[in-house]
Amino acid sequence: MLRTSFNDGWQTRPKVNPFAELSGTKVPFRPVTLPHDAMIGQERTAPDGEATMEGGAGAYFPGGTYEYRKTFAVPEEHRGKRILFEFEGVYRDAVVYINGDYAGQRPFGYSHFHIDADRFLRYGDDGDNEIRVEARAHRDSRWYTGAGIYRDTWMLVGDVVRIAPDGVRVTTPDVDAERAVVEVATRVENDSIAIRTVDVVTEVRDADGSVVASDVSKATVLPGEPAVVRQRLYVYAPLLWSTGTPALYTATVTLKDLDAETVVFGVRSLRLDPRHGLRINGETVKLRGACVHHDNGVLGAATFARAEERRVQLLKDAGFNALRMSHHPMSKAMLDACDRLGMLVVDEAFDVWTSGKSEFDYSLDFPEWWERDIEAMVAKDFNHPSVIMYSIGNEIPETGTPSGAARGRELAEKVRSLDGTRYVTNAVNGMLAVMSELGKLRQQSQEKAADPTESEDKGINTLMADAGDMMNAISASALVTEKTAESFAVLDVAGMNYAEARYTLDRDLFPNRVILGTETFSTRIDGNWRLVEQLGHVIGDFTWTGWDYLGEVGIGRPQYLSLIHL
């Protein structure tokens with residue numbers, strides 16, 4: 001489909017109750033160019049004030065409801081074509097109206113989504129069209145989120161027979177020094193009432209623009225029944241994508257006289273086992289990782305491509321070779337930068353499943369929307385060679401229960417059904433996973449403290465004085481071992497937050513377990529890295545955090561913890 005930027009010509013304002021407007025309350029719109037963060041310009045509220053996103057967690061910015069509108073014309077020649085609007089991200093609870101009619105919605109603030117628009121539009125001389133988007137943010141996150149249409153928007157126009165959005169997916173299932181197998185799967189849609197047979201022409205080009213592989217296939221597409229056209233091409237003497245040499249290719253798929261789509265991809269292979277760890281193109285790679293949030297400081301949450309690229313470059317210059325986007329899917333702009341610069345990515349789906357962490361968070365929408373949001377994440381990531389792993393969650397309390405483990409298996413299998421070429425992890429915090437049963441652990445600790453043979457062991461109350469020691473002690477306990485065994489078993493890589501005490505322990509307890517330190521204290525980066533280098537089954541360490549961010553104000557301040565009163 002023809003893709004055109006839809007970022008210009010917008011207006012925004014805080015949403016006004018229509019009944020209040022009838023009584024005379026007027027709030028003017030002001031012009032903006034997307035991407036735009038409606039929250040960053042608001043006046044912050046004192047810590048004891050009301051209506052903050054989450055106090056210090058949201059950097060004391062107020063929540064609110066915002067509306068955006070834009071008028072646009074659609075030429076008469078577009079009548080009968082398919083027209084969609086793509087939003088790369090709207091925070092949060094986006095609702096879209098076209099010419100006053102409800103056109104679609106997306107509760108999750110980090111998924112890209114499409115609005116099927118042609119049925120609502122006026123063409124040619126029938127007048128201008130108006131699109132209006134509402135977004136809401138209110139005590140629904142544990143960090144600064146921003147608000148509004150904070151990522152790029154696009155207008156997509158195509159014929160009734162066309163390549164679907166995100167419809168070209170490239171894999172390299174078989175790679176050696178002589179040649180790489182490049183498999184291109186193209187989803188062709190047919191919204192006409194007739195059977196259509198099309199020529200599908202695919203060309204693979206290298207960085208210089210030279211065609212290095214091509215193929216032509218015929219495909220018959222039934223009305224209303226999309227067809228996946230799978231072509232197997234061969235690139236000889238391929239240039240492999242790696243963190244040191246991030247070589248990229250393009251694949252252009254053309255439906256003759258109808259449509260064309262170009263995607264960027266890399267040729268690389270992934271292997272994983274507890275002896276050699278993670279191997280990329282046959283070489284063991286240890287992940288020197290940084291966790292990052294999505295805001296860019298004074299720019300707020302608005303996703304500007306240059307700001308994303310700058311951040312990736314500076315983190316790579318600092319010695320990192322991997323990023324974990326915490327705790328939501330990464331922007332397309334940052335993924336593009338990671339592809340170009342050679343930065344590996346662990347892309348994360350959710351911070352919550354069904355157990356909420358703030359009053360109005362995504363847990364309220366998770367049961368109905370999680371599959372569509374997983375699909376959106378995988379569709380966004382599929383062709384990016386930088387993405388090596390999907391994380392299905394971060395510090396999910398349910399991971400310590402049988403039903404939570406079953407939910408984890410469901411999410412992991414959903415990811416695998418969409419993309420079998422990458423690995424699945426989950427950033428598990430052992431302490432949170434057994435929070436409801438910490439009384440047992442405290443009793444065991446007290447019994448040990450009373451036993452003269454265990455006199456040198458720290459009791460849980462002593463460990464409370466150091467959060468790192470406390471979380472490690474709990475995570476290494478037999479209770480956590482038992483309660484998280486199934487949740488870890490459903491994964492390809494056991495992601496562990498603040499649990500480096502398990503690394504050596506699990507080598508004997510779970511000899512087939514591959515571990516990734518998905519989140520660790522930055523003050524322990526040296527000791528953790530020694531463990532990563534020493535232990536083959538530990539493939540990397542992601543420090544919290546690699547880049548300063550808005551929100552969680554005062555997280556490092558001294559304070560007395562009263563976590564357990566039993």
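Shown here for A322 and F542, the closest heavy-atom pair between the two residues is CB-CZ, 3.6 Å. Annotation for N383 and R169: closest pair OD1-CA, 3.4 Å, computed over non-hydrogen atoms.
Here F350 and F108 bring their ring centres to under 6.0 angstrom of each other. No close placement of the H327 and W353 rings is indicated, their centers lying 6.0 Å or farther apart. In this structure, the ring of H384 has its center no less than 6.0 angstrom from the ring center of F265.
Going from atom CG of L315 over to atom CG of D317 covers 9.0 Å, rounded to the nearest 0.5 Å.
Aromatic ring pairs are classed by plane angle as parallel below 30°, tilted from 30° to 60° and perpendicular above 60°; the pair Y110 and W143 is tilted.
Atom CG of D125 sits in a sparse spot, with 12 or fewer heavy atoms from other residues, nucleotides or ligands closer than 6.0 Å. Within 6.0 Å of CZ on R372 lie more than 12 heavy atoms contributed by other residues, nucleotides or ligands. Within 6.0 Å of CD in E76 there are more than 12 heavy atoms belonging to other residues, nucleotides or ligands.
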task: Report the C-alpha distance between E308 and N296 in whole Å, list the side-chain angles of each, state the deciding distance to 0.1 Å, and finish with yes or no for side-chain hydrogen bond (donor to acceptor under 3.5 Å, both in side chains).
output: CA-CA 8 Å; E308 301 285 69; N296 275 294; 3.0 Å; yes

message: One pair to check against side-chain hydrogen bond (donor to acceptor under 3.5 Å, both in side chains): D140 and S358. What are the steps and the verdict?
response: CA-CA 6 Å; D140 53 20; S358 53; over 6 Å; no

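T354 is linked by a side chain to side chain contact (heavy atoms under 4.5 Å, CB included) to F366, P367, E398, R407, counting only residues two or more places apart in sequence or in another chain.
R136 contributes no side-chain N or O that, together with a main-chain N or O of A94, makes up a donor-acceptor pair within less than 3.5 Å.
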